[in-house]
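What follows is a single structure, written as structure tokens, with notes after it.
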Amino acid sequence: VSLLSDEAGFSQAQPFNHFPLHVFQEYDGDRNSEGERHGFGKALLPNGDTYEGEYERGLRNGNGTYRFKNGALYTGNYLQNKKHGKGVFFYPDGSKYAGDWVDDQRQGYGEYLYANGDTYTGEWANNVRHGQGTYVYKDTGSKYIGHWVNGIQEGPAELIHLNHRFLGKFLNGKPLGRAKFVFDIGCEQHGEYIQPVEVKEIEKQEEEEEEPALPVEPKWKASEITTLTSWSPHDE
């Protein structure tokens, strides 16, 4: 008999000739003519995890609920033992993801509620925020609406605060380039975020070790204050 893969990290293995299947996991449910799990069934895995749902030729396929021993839970669609399609994952720290899955990864469109109360709603790829999305900071109420690349804010975006907004571009999670602040009192401040040039000491003793450089934050350089105007990320 073969040991089937599961959410706890078990992978497809070579046949074990000396141990019956029930040593590894218990199963109660439908089987096909070849004895494979096929249809609806319930399984108790050796690590304490459980699965209840649909199978196809021995693999989790279709809708099901997987409960982890550590308190996590996934309920949704499976394809050949992997989360695939629509599904909801409840994490042990209280966070939650509801949305699209591809090959066991958060991918497509979904909403993530973080343990600290922050939320992200938008596009995902390879388990991270990627594409267009909205991130809301619970503590301040601020909202980032814009683009993400591999989990980092990057590209045109709007950052909305309590009494003003920022419209500009982000690079590696920081604003950079021409942008403007729009204030609720009816005016705007135009300007540019500039990346300061790091100044390093020229004269150093050879035996002296260089301290690691601290990241330099972009600096805002204001140019003018105007009445409200239209803006696009391509404006110069």
(request) Given side chain to side chain contact (heavy atoms under 4.5 Å, CB included), test R31 with H38 step by step and report yes or no. (result) CA-CA 5 Å; R31 295 182 183 272; H38 194 87; 5.7 Å; no
(message) Applying side chain to side chain contact (heavy atoms under 4.5 Å, CB included) to R106 and Y97, what does each step give before you reach the verdict?
(response) CA-CA 8 Å; R106 294 188 294 271; Y97 172 79; 3.4 Å; yes
(request) Would you sort out whether R67 and E52 count as a salt bridge (Lys or Arg N to Asp or Glu O under 4.0 Å), showing the intermediate values? (result) CA-CA 9 Å; R67 300 177 186 273; E52 181 175 345; 6.0 Å; no
(message) Applying salt bridge (Lys or Arg N to Asp or Glu O under 4.0 Å) to R37 and D30, what does each step give before you reach the verdict?
(response) CA-CA 6 Å; R37 302 174 192 185; D30 302 328; over 6 Å; no
(request) Evaluate the side chain to side chain contact (heavy atoms under 4.5 Å, CB included) criterion for residues F68 and N47: first the C-alpha distance (whole Å), next the side-chain angles of each, then the deciding distance (0.1 Å), finally the verdict. (result) CA-CA 9 Å; F68 295 81; N47 61 358; over 6 Å; no
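Side chains of D49 and Y66: a donor-acceptor N/O pair is present below 3.5 angstrom, by distance only. Checked by atom type, the side-chain pair T226/H190 shows a donor-acceptor distance below 3.5 Å. Counting only N and O atoms by type, the side chains of W124 and Q105 include no donor and acceptor under 3.5 Å apart. Side-chain polar atoms of E192 and S223 form no donor-acceptor pair below 3.5 angstrom.
How far NZ of K83 is from CD of Q107: 13.5 Å, rounded to the nearest 0.5 Å. Atoms OG1 and NZ, on T140 and K143 in that order, are 11.5 Å from each other to the nearest 0.5 Å. Annotation: the span from K86 atom NZ to N63 atom CG amounts to 13.5 Å, rounded to 0.5 Å. L167 contributes atom CG, which lies 6.0 Å from atom NZ of K180 (distance to the nearest 0.5 angstrom). Atom OG in S142 sits 9.5 Å away from atom CD1 in I160 (nearest 0.5 Å). Distance check, rounded to the nearest 0.5 Å: CG of L44 to OG1 of T50 gives 7.0 Å.
Ion pairing between a basic and an acidic side chain is recognised when a charged N comes within 4.0 Å of a carboxylate O; E217 and K174 show such pairing. Of the charged side-chain nitrogens involved, at least one lies within less than 4.0 Å of a carboxylate oxygen, so that E158 and R165 count as a salt-bridged pair. Ion pairing between a basic and an acidic side chain is recognised when a charged N comes within 4.0 Å of a carboxylate O; D103 and K82 show such pairing. Between E154 and K169 there is no salt bridge, since no side-chain nitrogen of the basic residue lies less than 4.0 Å from a carboxylate oxygen of the acidic one.
Centroid-to-centroid, the aromatic rings of F183 and H164 come within less than 6.0 Å. Annotation: F89 is not in aromatic contact with Y112 [ring centroid separation under 6.0 Å not met].
Under the ring-ring contact (aromatic ring centres under 6.0 Å, His included) test applied with Y144, the options Y137, Y120, F170, Y135 reduce to a single match, F170.
Of the possible polar contacts, one joining the H130 side chain to the N150 backbone as a donor-acceptor pair under 3.5 Å is found. Between the side chain of N61 and the backbone N or O of Q80 there is at least one donor-acceptor pair closer than 3.5 Å. D118 places a side-chain N or O within donor-acceptor distance of the main-chain N or O of K138, the cut-off being under 3.5 Å. In this structure, the side chain of D93 does not engage the main chain of A115 through any donor-acceptor pair within 3.5 Å.
Nearest heavy atom pair, residue G146 against residue A157, reads CA-CB, 3.8 Å. For the pair I152 and G173, the tightest heavy-atom approach, listed with the atom from each and the gap, is CG2-N, 3.2 Å. The minimum heavy-atom distance between A98 and V88, with the atom names listed, is CB-CG2, 3.9 Å.
A cation-pi arrangement is not found for K219 relative to Y193, the charged atom failing to lie both closer than 6.0 Å to the ring centre and inside a 45° cone about the ring normal. With a 6.0 Å cutoff to the six-membered ring centre and a 45° limit on the axis angle, R60 counts as a cation-pi contact of Y51.
Relative ring orientation between Y74 and W101 is described as perpendicular, the plane-to-plane angle rising above 60° on a 0-90° scale split at 30° and 60°. In this pair, F166 and W220 present their aromatic rings perpendicular. The plane angle is above 60°, beyond the 30 to 60° band.
L162 and I145 fall into different hydrophobic clusters, defined by Ile, Leu, Val, Met, Phe, Trp and Tyr side-chain heavy atoms under 4.5 Å apart, directly or through other members. Side-chain heavy atoms closer than 4.5 Å link hydrophobic residues (I, L, V, M, F, W, Y) into clusters, and following such links, possibly through other members, connects I185 to F181. Linking ILVMFWY side-chain heavy atoms closer than 4.5 Å, directly or via other members, places F40 and Y27 in two distinct hydrophobic clusters.
Between L228 and E188 the shortest side-chain heavy-atom distance falls below 4.5 Å. Side-chain contact between V128 and W148 is absent, with no heavy-atom pair separated by less than 4.5 Å.
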